[in-house]
Amino acid sequence: MELPTAYNAKETEDNIYKLWEQSGYFNPDECIKKGVCQKNAKAFSIVLPPPNVTGTLHMGHASMLAIEDTLVRYHRMKGEKTLWIPGTDHAGIATQAKVESDLYKKTKETRYDVGREKLLALVQQFAKESHDTIVHQVKKMGASLDWSREAYTLDEPRNKAVRTAFKTMYDQGLIYRGDRIVNWDPKMQTTVSDDEIEWKEETAPFYYLKYGPFIIGTARPETKFGDKFVVMHPKDKRYAQYSHGQTLQVDWLNGKITATVIKDTAVDMEFGTGVMTITPWHDRVDFEIAARHNLEKEQIIDLKRKLLPIAGTLAGTHISKARPLIVQRLQEKGLLASTDATYIHRVATNSRGGGVIEPQIMRQWFVAVTKEFSFPHAGLKGIRKGEKTTLKKLMLHAVKTKQIEILPKRFEKVYYHWINDLRDWCVSRQIWFGHQIPVYYCTQEISNSQFPISKQIQNPNDQNINMFVAAEKPTKCPICGSCTPQQDQDTLDTWFSSGLWTFSTLGWPFDSATKHGLAQGKPGQQNDFANYHPTSVLETGYDILFFWVARMILLSTYLTGQIPFKTVYLHGLVRDNQGRKMSKSLGNIINPLDMIDKYGADATRLSLIIGAGPGNDLKLSEDRVRGYRNFTNKLWNIGRFVAMNAGDLDLEKKPALSKEDKKILADFLNIRKSATKHLEAFRLSQAAEELYHYAWHAFADKVLEDSKTVLQNAQKKAGRQFVLKEVMRGLLTCLHPFTPFVTEAIYREMPFQNKKDLLLVETWK
RNA sequence: GGGCGGUUAGCUCAGCUGAUUAGAGCGACUGUUUUACACACAGUAGGCCAUAGGUUUGAAUCCUAUACCGCCCACCA
């Protein structure tokens with residue numbers, strides 16, 4: 001057959017992907033059915049970190065897909081029962097923020113203008129389109145995912161898992177409702193978790209104010225109305241004359257107030273004057289000081305950042321307008337001692353497209369990470385059923401006992417450190433797109449109450465609400481027996497549903513009678529959890545170690561009694577060739593689809609694998625991709641040479657091999673052995689590099705060149721032809737996980753004996 | 001403030017448990033259109049492996065310190 005002299009990735013790849021999909025081999029059940037995998041073979045499973053349905057894939061996703069697909073293909077070719085589950089993440093705040101911003105740009109309407117139902121319809125529409133784009137891109141990369149098991153963090157089976165998880169944790173007291181200080185985003189009108197905060201540096205005037213005999217400093221004079229407590233370090237000699245609990249009359253913003261002296265070690269004696277007043281409602285550190293001394297807390301700023309009646313004449317004024325007025329008043333009253341205009345401080349913002357965070361004390365739902373409970377499962381190594389533990393301890397336990405290994409190892413330390421400082425996790429959000437909290441209120445008892453629950457902040461001590469938690473929507477109220485209970489309007493943090501990902505995609509929760517998985521909802525796949533959990537590898541970027549990896553460990557160990565995965569492989573960030581983050585504003589984004597279009601998916605994949613170690617950032621340039629495109633072409637021509645020169649070999653009898661022939665075979669076997677070793681140790685880069693080097697500079701440059709003369713010799717010809725075909729077959733097999741398209745395309749043209757229908761399921765010995 | 005990582009050819013990086021003439025890719029230069037491939041081939045140039053000490057028969061590799069670059073966490077009113 002006449003083959004073109006240059007490999008054309010663009011014309012080949014989509015057809016090859018179709019062949020793979022049609023073969024069914026991405027689904028391990030099909031592999032078993034068709035006999036390319038044993039039913040009792042060792043399992044290898046990965047859940048794809050679900051991309052957010054907020055737009056399109058970037059190079060980071062491409063790198064993730066390349067790494068995972070390489071591992072998956074390798075293990076599939078090793079004959080393991082291999083499952084890679086695809087899915088997408090609804091990404092609550094991020095997605096809703098994107099749709100809200102698009103809506104506002106288009107029609108100048110806010111979410112409150114269009115209402116919950118219409119906004120959700122818009123979000124779902126956007127999510128659907130985004131999903132389709134993502135799936136298309138994922139396929140373009142050649143990812144061998146089992147699409148028959150595709151999941152979505154917000155679909156019905158996952159919703160069932162979320163409701164069950166919430167209910168289980170609530171029943172054991174690990175989810176509770178509490179009035180605590182949270183990060184409130186006034187722009188998105190929702191709480192956000194500690195991890196979702198991004199600190200931005202800002203220069204703002206810093207004011208020194210006279211507070212009775214003291215000088216206090218602040219960058220936020222608008223919070224100072226209610227300051228009745230003045231705090232200093234108990235060992236500060238400068239203020240030894242003042243004693244804890246002592247009161248003094250102070251002339252303040254709205255006239256005379258009674259101030260109380262508090263001594264607390266949280267005060268830094270070196271900073272400023274060593275004295276500060278506190279605003280417990282709007283500052284975490286102040287909140288903790290107030291909690292320690294049981295001090296009164298007062299709200300100053302409302303949820304829209306407007307001042308409350310405590311501000312007197314300024315009540316109802318937005319703080320951005322109020323601030324200069326307050327400074328002016330301070331000046332008039334002679335309370336302003338001095339101003340430092342060059343003060344640099346850091347402002348907390350919502351990294352998911354929101355605004356400046358205003359801490360607030362609010363009634364929200366929390367996961368208790370330090371509360372003791374008795375462990376409900378048997379089978380988790382090192383913890384007995386009924387043993388007292390905490391969620392924090394579970395998270396530490398799984399890694400400390402080496403049941404979970406984090407690569408690179410140095411991230412284990414980072415992980416421990418993060419857990420040690422972990423506070424209870426606020427899981428309720430006031431956005432509309434997400435899993436609605438499975439909490440219900442009896443409408444008989446709370447007829448005057450307002451929903452959503454966050455609005456009840458005006459009356460935080462109200463304990464009269466009759467509520468209950470249910471995994472299934474109740475038809476009749478179990479409290480009054482007659483009303484239709486109303487569901488809480490809040491939604492859950494998106495990471496709560498992604499934290500269940502390894503098992504919510506494998507059939508959890510189970511029907512207690514049949515032990516069959518319910519979430520999967522497909523007959524024949526009910527044993528997915530038994531077969532594939534814990535998953536083998538969790539591969540993701542190191543930037544979401546805390547957001548996601550830690551939470552999966554928490555939720556999986558607690559809810560299933562199993563670790564979610566055995567190995568965590570953390571890849572680095574893909575940066576531009578100068579080491580800068582890729583961003584729209586810098587205009588340095590390299591789009592994976594562009595690279596695939598120009599150079600092929602194989603070249604794009606190699607450029608993301610070679611030179612990338614776990615945890616290390618990768619600098620990518622178009623030159624690199626072009627270089628690997630050249631390699632795919634080289635490989636194609638190696639294939640052509642072998643097909644042209646060894647095609648007429650008699651397949652029936654094995655010819656005699658010369659010493660050189662044997663050496664060539666042995667050399668290749670060494671390379672394969674080494675590649676195997678590297679892959680088992682997750683050194684993908686090393687494996688790919690050695691194979692690359694062998695194919696080009698050993699097999700092509702030496703063996704093929706030498707063969708040109710050997711093949712002229714009638715005695716030696718058959719032996720050499722045999723060797724060329726053997727090595728070619730092995731080389732295609734070993735390279736297939738890295739460059740699946742071109743190797744599959746060559747394989748189709750090769751005159752091999754007992755060829756499999758696809759290289760995809762050729763055996764890696 | 002605490003922690004972590006990096007510093008090897010012009011650029012991007014390998015170099016795993018110490019002994020290599022210190023490597024690869026891209027780029028540069030010279031030559032070659034040879035019937036697998038010019039997206040190629042043959043060759044050339046280019047490195048006191050950040051700095052200073054130490055351990056060792058032997059260090060790019062292990063230890064200590066310093067400098068610079070980067071990242072993460074905490075956060076000071």
Side-chain angles (χ1 to χ4, degrees), chain A residues 3-9 194-195 197 199 206-209 211 216-221 223-224 227 230-232 264 266-279 282-286 289 343 345-346 348 408-418 420-422 542-543 545-546 572-573 575-581 599-600 603 606-607 610-613 615-645 674 677-678 681 683 685-686 688-690 692-693 696-697 700-701 704-705 707-708:
Chain A
L3 296 174
T5 59
Y7 170 63
N8 189 333
D194 295 345
D195 317 275
I197 284 175
W199 294 86
F206 191 79
Y207 305 100
Y208 288 97
L209 310 179
Y211 189 86
I216 58 155
T218 185
R220 300 200 59 196
T223 64
K224 295 284 135 190
D227 287 9
V230 58
V231 192
M232 58 214 74
D264 195 286
V267 176
D268 181 357
M269 286 189 273
E270 309 292 316
F271 186 85
T273 56
V275 185
M276 65 178 189
T277 59
I278 56 168
T279 314
H282 302 291
D283 185 284
R284 167 164 282 121
V285 175
D286 293 2
I289 293 171
Y343 180 70
H345 70 147
R346 305 209 310 159
K409 215 164 176 52
R410 64 188 146 90
F411 279 98
E412 289 187 359
K413 225 186 266 178
V414 183
Y415 174 82
Y416 294 141
H417 188 256
W418 181 78
N420 284 329
D421 292 342
L422 189 62
Y542 62 71
D543 50 332
L545 176 63
F546 307 135
L573 264 51
R575 298 171 174 277
D576 75 0
N577 58 352
Q578 291 168 54
R580 300 174 306 181
K581 242 180 169 162
Y599 306 110
L606 269 188
S607 74
I610 294 184
N616 288 340
D617 291 353
L618 177 75
K619 287 177 196 161
L620 185 75
S621 63
E622 193 167 334
D623 277 348
R624 271 173 63 85
V625 187
R626 194 185 311 120
Y628 291 116
R629 186 274 316 265
N630 294 354
F631 174 70
T632 60
N633 189 60
K634 184 75 185 179
L635 203 56
W636 174 256
N637 279 293
I638 291 170
R640 279 183 70 217
F641 181 92
V642 176
M644 283 160 148
N645 291 289
S674 175
K677 211 176 79 191
H678 289 315
R683 293 190 296 264
S685 172
Q686 193 83 357
E689 214 176 321
E690 284 181 16
Y692 173 105
H693 197 258
W696 200 319
H697 301 295
D701 289 353
L704 296 195
E705 287 306 321
S707 299
K708 284 176 184 172

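Here the structure is a predicted model, which is why all the values come from computation and not from measurement.
Atoms CG (Asp623(A)) and P (rG10(B)) sit 18 Å apart, rounded to a whole Å. Going from atom CG of Leu545(A) over to atom P of rC4(B) covers 16 Å, rounded to whole Å. If you take CD of Glu705(A) and P of rA40(B), they are 14 Å apart, rounded to a whole angstrom. In this structure, the CG atom of Leu573(A) is 9 Å from the P atom of rC72(B), given to the nearest Å. Distance, His417(A) NE2 to rA74(B) C1': 8 Å, rounded to whole Å. What separates CG of Asn616(A) from P of rC16(B) is a distance of 14 Å, to the nearest Å. Arg575(A) has its CZ atom 12 Å from the C1' atom of rC69(B), to the nearest Å.
For the P atoms, the distance linking rG6(B) with rG43(B) amounts to 36 Å, nearest Å.
Take Tyr207(A) and apply the ring pair (Phe, Tyr, Trp, His ring centres under 6.0 Å) test, not counting sequence neighbours, and it matches no residue. Asp227(A) is linked by a side chain to side chain donor-acceptor pair (under 3.5 Å) to Lys224(A), Thr277(A), Thr279(A), counting only residues two or more places apart in sequence or in another chain. Partners of Arg683(A) according to the side chain to side chain donor-acceptor pair (under 3.5 Å) rule, which considers only residues two or more places apart in sequence or in another chain, are His678(A). In this view, Tyr343(A) and Phe206(A), His345(A) satisfy the ring pair (Phe, Tyr, Trp, His ring centres under 6.0 Å) rule, not counting sequence neighbours. Residues passing the side chain to side chain donor-acceptor pair (under 3.5 Å) test with Asp543(A): none are found, sequence neighbours excluded. Evaluation of the ring pair (Phe, Tyr, Trp, His ring centres under 6.0 Å) rule for Trp199(A) yields no partner, not counting sequence neighbours. Applying the ring pair (Phe, Tyr, Trp, His ring centres under 6.0 Å) criterion to Tyr599(A), with sequence neighbours excluded, gives no partner residue. For Ala9(A), the side chain to side chain contact (heavy atoms under 4.5 Å, CB included) partners at least two apart in sequence or on another chain are Tyr7(A), Glu13(A). Applying the side chain to side chain donor-acceptor pair (under 3.5 Å) criterion to Asn8(A), with sequence neighbours excluded, gives Glu11(A).
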Give each protein N/O atom lying under 3.5 Å from an N/O atom of nucleotides 31-35 of chain B, with the pair distance.
none

Pull out every protein N or O sitting under 3.5 Å from an N or O of nucleotides 21-24 of chain B, one pair per line with the distance.
none

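In RNA chain B, runs of at least 3 consecutive Watson-Crick or G-U pairs, each pair with both distances below 3.5 Å, span B:1-7 with B:67-73, B:10-13 with B:23-26, B:28-32 with B:40-44, B:50-54 with B:62-66.
Looking at which nucleotide of RNA chain B each of Phe641(A) and Trp199(A) is closest to, the 5′-most match is held by Phe641(A). RNA chain B is contacted by both Thr5(A) and Val414(A); Thr5(A) maps to the nucleotide lying nearer its 5′ end (nearest heavy atom per residue).
Taken from CD in Glu705(A) to CG in Asp701(A), the straight-line distance is 7.0 Å, to the nearest 0.5 Å.
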